[in-house]
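For reference, the structure discussed in these notes is given below.
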Number of protein chains: 4
Amino acid sequence: MPREVRERQMLDAAVEVFARRGYRAASMDEIAELAGASKPLVYLYLNSKEELFSACIRREAESLIQEIQAGVEPGDSAERRLWCGLRAFFAHTAEHPDGWAVLSCQARIHGEPFALVVAELRQRIVDLVTRLIAECAQPDGGRKPLSAREVSGLAHALVGAAESLAGWANHRTGAVPSARETAATLMNMAWVGLENLTGGRRWPPAAAV
Amino acid sequence: MPREVRERQMLDAAVEVFARRGYRAASMDEIAELAGASKPLVYLYLNSKEELFSACIRREAESLIQEIQAGVEPGDSAERRLWCGLRAFFAHTAEHPDGWAVLSCQARIHGEPFALVVAELRQRIVDLVTRLIAECAQPDGGRKPLSAREVSGLAHALVGAAESLAGWANHRTGAVPSARETAATLMNMAWVGLENLTGGRRWPPAAAV
Amino acid sequence: MPREVRERQMLDAAVEVFARRGYRAASMDEIAELAGASKPLVYLYLNSKEELFSACIRREAESLIQEIQAGVEPGDSAERRLWCGLRAFFAHTAEHPDGWAVLSCQARIHGEPFALVVAELRQRIVDLVTRLIAECAQPDGGRKPLSAREVSGLAHALVGAAESLAGWANHRTGAVPSARETAATLMNMAWVGLENLTGGRRWPPAAAV
Amino acid sequence: MPREVRERQMLDAAVEVFARRGYRAASMDEIAELAGASKPLVYLYLNSKEELFSACIRREAESLIQEIQAGVEPGDSAERRLWCGLRAFFAHTAEHPDGWAVLSCQARIHGEPFALVVAELRQRIVDLVTRLIAECAQPDGGRKPLSAREVSGLAHALVGAAESLAGWANHRTGAVPSARETAATLMNMAWVGLENLTGGRRWPPAAAV
DNA sequence: CATGAATGAGGGTTCATTCAT
DNA sequence: TATGAATGAACCCTCATTCAT
């Protein structure tokens with residue numbers, strides 16, 4: 001069996017096991033067995049548990065980011081780009097639940113040597129959204145414009161909401177929501193607010209608090 | 001030293017170590033040493049690593065939920081209750097970063113035997129929000145009302161956004177945002193949308209997509 | 001069982017196994033079993049294979065050097081000091097064949113991280129002899145005195161001869177030579193030559209070569 | 001590439017790696033790579049790590065012994081034969097440091113299955129010297145003649161001294177001593193003593209001890 | 001109440017070796 | 001002749017957990 005094929009099988013198995021157990025609890029024995037190969041072969045191709053995990057993270061993140069970018073037309077309005085991006089995001093996470101589990105479950109790991117890789121990839125997704133928000137957040141009137149910190153906070157909030165919804169959609173019992181439906185839920189909640197901010201209109205409306 | 005005090009020291013130490021290393025990578029040795037007690041004593045009081053972890057999760061979650069509930073006046077409007085609840089949430093997570101790290105980092109763990117405990121506690125927080133949204137989501141007009149599934153999705157989105165913002169606020173470099181500011185960011189993004197939904201007004205406005 | 005006792009048992013077992021197999025081929029399992037303890041205990045007390053080996057080397061070398069120094073009277077003539085030192089050396093190596101095997105078999109190891117420890121201890125023995133030779137190598141007449149390099153070479157030769165003889169005595173079949181006899185063999189071979197050199201008389205006597 | 005050439009390349013590589021790492025720490029991978037051949041080819045030609053090591057030992061020892069014998073004129077006096085043999089020995093070990101490192105470093109290995117091969121080859125060198133000493137050790141006077149055991153001891157001492165000097169010469173920092181100089185050092189130390197013994201004159205001169 | 005002493009079980013990693021081509 | 005692909009076995013090390021005191 002050619003090396004390339006074997007290597008993909010190993011990564012597939014690794015993603016599945018890492019998703020099921022988490023990084024530390026996953027054992028190379030289980031991964032090798034699931035990949036239908038011997039442990040030394042896994043080491044020959046992937047070098048170490050750490051590198052194997054990094055390779056998984058990279059592959060899954062790359063694949064996710066690429067699909068999001070493929071789903072978005074650069075020329076479209078911010079509203080439409082967010083809508084399309086979210087649909088692509090939820091479609092991908094629904095189709096690759098293990099990959100998504102690895103990305104999201106280990107996303108906040110501390111102390112492990114690959115923490116940087118994970119953090120960096122999460123940051124790339126946040127950056128996508130940050131740019132989207134920042135770009136359209138150019139208040140037309142005389143209101144106070146959004147600060148960089150505000151934009152960053154909004155991006156993190158939006159990404160967190162999306163992450164949480166992806167997990168919710170994946171683990172629902174009963175009828176699984178479509179990507180379209182899940183994306184609509186998030187647009188429902190967040191879009192009007194974002195649009196308002198674009199015009200410098202903030203919560204609360206004056207005397208509310 | 002009375003048992004109660006010792007036990008609290010142990011839980012404190014455990015929370016700190018679990019936050020720093022994650023469940024699997026945390027060692028009972030390190031916890032015992034940090035607690036200033038011998039390992040057998042830890043076992044005498046807390047029985048096992050698993051139970052110790054469960055105790056941590058329970059204590060931290062209880063403390064968080066209680067503080068949220070304490071910050072909310074039952075008679076207030078939904079808007080005000082959400083606003084107060086979020087402030088309490090961000091205040092608590094900022095004051096107990098280790099506790100929050102344990103809750104959020106391990107929140108989606110699979111395969112470990114205590115996964116149920118963690119999931120259950122996260123669910124209680126989601127339920128708080130679910131009730132809040134459901135209660136005010138009684139469309140006054142003839143529009144299509146929110147389904148239970150829609151409400152559940154919104155609650156998960158809101159909780160995810162809050163979780164992500166808490167992490168963002170805790171790990172910011174430079175000036176740390178206040179709980180008030182972080183809560184305002186989330187209200188900014190989500191409140192108008194939620195309010196619209198209350199009235200049955202959904203995204204997109206008809207022909208937008 | 002008190003720690004001190006256990007630790008000595010472990011070192012004894014380790015010396016025996018390292019002597020029998022060499023560093024790499026020795027397994028911690030075998031050492032632990034021979035010590036009558038579990039492997040984790042060995043690690044608890046001695047930390048790692050490398051440190052265990054270093055500890056063995058240090059203990060055996062210290063013991064050997066001390067016995068040699070104890071056997072020599074500082075005020076004696078060089079001849080008598082050499083004679084007594086050699087007897088002590090051969091007596092010790094005969095009584096601790098495993099310790100001696102570890103010291104001598106691994107003495108020239110390269111590439112392992114403890115190579116320095118081994119080399120340093122061997123050097124201390126060579127230095128003992130070097131000082132002895134140097135001290136009495138003060139030619140009384142007008143002949144060319146011994147250079148530092150000559151002295152160093154002679155010391156290495158003498159130490160090598162002693163090492164080899166120790167191995168020879170230990171592995172002889174049949175009657176084992178006494179330390180006295182072995183030391184006499186070496187004195188027989190080397191003393192007249194060394195004494196001559198002391199007076200600046202070198203080999204060859206003029207036209208011999 | 002003809003088999004003979006390949007085989008020599010493999011042995012060269014093996015000698016280098018065994019010298020650098022020792023038997024156990026040397027890996028067939030490293031040897032194959034250094035030889036510029038694939039691992040299965042190494043196995044095809046040399047069968048196993050053990051046989052490969054034996055072949056190295058044999059080749060290097062044969063080469064050393066042959067050069068010593070080539071340097072000695074059978075008809076010469078014992079003194080001259082020893083002198084020439086030592087010069088040849090030190091010349092060869094200086095020219096083939098890796099070969100010599102393998103021979104001497106592994107010379108006293110126990111427990112490995114090839115220990116016999118190594119021991120046998122060392123014995124052949126000892127035998128050369130033994131014959132030389134024995135041959136001329138025919139006391140002319142009425143003194144007590146040398147016993148076989150005495151001769152054997154002396155031979156081991158002389159060989160050990162030579163081994164040690166070879167290592168000393170190879171690992172000196174600064175100016176490397178010539179083979180002639182190193183051989184002279186050993187003759188300086190040992191020849192007068194050996195010559196005396198030939199005449200039955202032993203150390204100590206009666207009342208010395 | 002408190003601990004020093006001790007271990008069974010399991011994980012990551014390496015290596016000599018073989019087979020199908 | 002030559003090799004890419006593959007593995008059984010073993011080794012070092014760690015950790016949660018338990019007794020005897």
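Numbers restart at 1 for each chain; the letters A, B, ... are given by sequence-line order, proteins then strands. Computed from a prediction, not measured in an experiment: that's the story for all the values here.
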*asked:* For a quick check of understanding: with a heavy-atom distance under 4.0 Å over all strands, which category does Arg24(B) fall into, base, sugar-phosphate or nothing?
replied: nothing
*Can you figure out which of dA2(F), dA5(E), dT7(E) approaches the side chain of Tyr45(C) most closely?*
dA5(E)
*Go through dA16(E), dT7(E), dT7(F) for me and flag the one nearest to the Met28(D) side chain.*
dA16(E)
*Please figure out whether Ala25(C) or Ser48(B) has its closest DNA chain F nucleotide nearer the 5' end.*
Ala25(C)
*asked:* Regarding Arg122(D) and Glu163(D), does a basic nitrogen lie under 4.0 Å from an acidic carboxylate oxygen?
replied: yes
*Just how far, in rounded Å, is P of dG11(E) from CG of Leu52(A)?*
15 Å
*asked:* Should the side chain of Lys39(A) and the base of dT13(E) be counted as holding a donor-acceptor pair, with the cut-off at 3.5 Å?
replied: yes
*Round to a whole Å and report the spacing from CG of Leu44(D) to P of dG4(F).*
15 Å
*Base, sugar-phosphate, or nothing: which does Arg3(A) touch, judged by heavy atoms less than 4.0 Å apart?*
sugar-phosphate
*asked:* Of the options dC13(F), dT3(E), dT17(E), whose atoms approach the side-chain atoms of Lys49(C) most closely?
replied: dC13(F)
_Proximity to the side chain of Tyr43(A) - top-ranked nucleotide from dA6(F), dT18(F), dT14(E)_ = dT14(E)
*Hey, is Arg3(D) close enough to Glu7(D) for a salt bridge, meaning N to O under 4.0 Å?*
yes
_I need the CG-C1' distance between Asp29(D) and dT7(F), as an integer number of Å._
14 Å
*How do Asn47(D) and Met1(C) order along DNA chain E: which one's closest nucleotide is nearer the 5' end?*
Met1(C)
*Can a cation-pi geometry be assigned to Lys49(C) and Phe18(C), taking NZ or CZ under 6.0 Å from the six-membered ring centre and within 45° of the ring axis?*
no
_Whole-Å distance separating the CD atom of Glu50(A) from the P atom of dG11(E)_ = 18 Å
*Is there a side-chain polar atom (N or O) of Arg6(C) under 4.0 Å from OP1 or OP2 of dA6(E)?*
yes
_Given dA2(F), dC15(E), dC12(F), identify the nucleotide with an atom nearest to the side chain of Ser27(D)._
dC15(E)
*asked:* At 4.0 Å (heavy atoms only), tell me whether Ala26(C) reaches a base, stays on the sugar-phosphate, or touches nothing.
replied: sugar-phosphate
*Ion pair check, Arg8(C) and Glu4(C), cut-off under 4.0 Å*: no
